[in-house]
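First the structure, in the form of C-alpha cells, and then the observations on it.
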Amino acid sequence: SNTATPNSIFASSPANNGNQVVVGINNAGTGTITINNNTIANLTNANARTSAASTGRTAGIYSSSGTNIISGNQVYNLSIANNNTTSGNSPSVCGISLSSTTQKTVTSNIIYGLSNSYSSFGGYIIGLYFTGNAVSNDISKNFIFGLSVNSGSTAAYIIGLKTATGVISLYNNIINVGGDTRTTVYGIYETGGAGNNSSMYFNTVYVSGSVPAG
C-alpha cells in the first residue's frame, strides 16, 4: 500500500450479504515463518454487513499456522464499517492476529489507527490477538495505540492486546487505548483459559477517555 495515500488498498464492494476479508499479509504455511520489517497501511474494507454474525474483517497480519517470528512491522490505518461481533481471532479489525497454537515471538511491532465506523457497532477492535503453544512464547516491546469506534457505539470493545492460549512472557509493551465513547476498554486482556501461564511485567498501559453520558 501507499503509505502517503489514505485508503490506498480499498475493497470497494459493500458486500452486504457476504463476509468480505481484507488482509495485508496472510500466512498459512508450516515450518518457521518470519514476518519482519513490513509496512502495512491504509487498508479499507467497505463491507457494510449489519448482521452480528458477519465475519467480514480487516487485518494487517493474519497467521494461522507455523512457528512464527513477527517483528519490526508497522501496521496502521485499517478500517471497516460493519457489525462483525466476533470476539476471537477474526474481529472486525485487528492489527496482528495469530490463531494457531504453535510457538511465537512477537516483538517491536507498531500498531495504530484501527477503526470501525459502523453507527451501532457491537463488536471488537483488537490491536494484537495472540495464541501460542504450551512451551514458550514471547510478546515484547510492541507499541499499540489509536483504536477507535463510532461515537454511537455503546456495546463495542476496544482491546490493546488479547492473549488466548499458551505459556507467555509478556513484557515491555506500551499500550494506549480509550476514547470518548461508551465502550468496554482493556489494555491487556488475558482470557484465563485452562493451561495458560502468563508472566506479565514492565508493561506500560494507559487507558483514557471522557464519556459525556451513560
Crowded around N2 CG? As in, over 12 foreign heavy atoms under 6.0 Å?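 Enclosed.
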With a cut-off of 6.0 Å (strictly less than), are more than 12 heavy atoms of other residues, nucleotides or ligands near OH of Y157? no
Can you check whether [Y]'s main-chain N or O pairs, donor with acceptor, with [X]'s side chain at less than 3.5 Å?
X: N84; Y: G56; result: yes
X: N77; Y: N42; result: no
X: S13; Y: A15; result: yes
X: N45; Y: F10; result: no
X: N89; Y: Y129; result: no
X: T131; Y: L98; result: yes
X: S51; Y: A53; result: yes
X: N19; Y: T55; result: yes
X: T191; Y: A164; result: yes
X: N203; Y: L170; result: yes

Answer yes if the ring centres of Y171 and Y201 are under 6.0 angstrom apart, and no otherwise. yes
Any side-chain heavy atom of [X] sitting closer than 4.5 Å to one from [Y]?
X: K104; Y: T102; answer: yes
X: T39; Y: N73; answer: no
X: V211; Y: D180; answer: no
X: T3; Y: Q74; answer: no
X: V135; Y: V167; answer: no
X: T181; Y: S153; answer: no

Transitive ILVMFWY side-chain link [X] to [Y], under 4.5 Å:
X: V207; Y: V149; result: yes
X: I144; Y: I61; result: yes
X: V185; Y: F121; result: yes
X: L114; Y: I159; result: no

Nearest heavy atoms of [X] and [Y], plus distance in Å:
X: S71; Y: N36; result: OG-OD1, 2.9 Å
X: N176; Y: S208; result: OD1-OG, 4.4 Å
X: N142; Y: L128; result: ND2-CD2, 4.3 Å
X: I80; Y: N47; result: CG1-O, 3.9 Å
X: I126; Y: P91; result: CD1-CG, 3.9 Å
X: S64; Y: S100; result: O-CB, 3.3 Å

Is the Lys NZ or Arg CZ of R49 less than 6.0 Å from the centre of Y118's six-membered ring, within 45° of the axis?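 Verdict for Y118: no cation-pi partner in R49.
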Lys NZ or Arg CZ of K162 over Y189 ring: under 6.0 Å, within 45°: yes
May I ask you to check whether [X] and [Y] show a side-chain donor-acceptor distance below 3.5 Å?
X: S198; Y: E190; value: yes
X: T44; Y: N7; value: yes
X: S119; Y: N150; value: no
X: N116; Y: S92; value: yes

Atom CD1 in I25, atom CD1 in I33: separation rounded to 0.5 Å? 11.5 Å
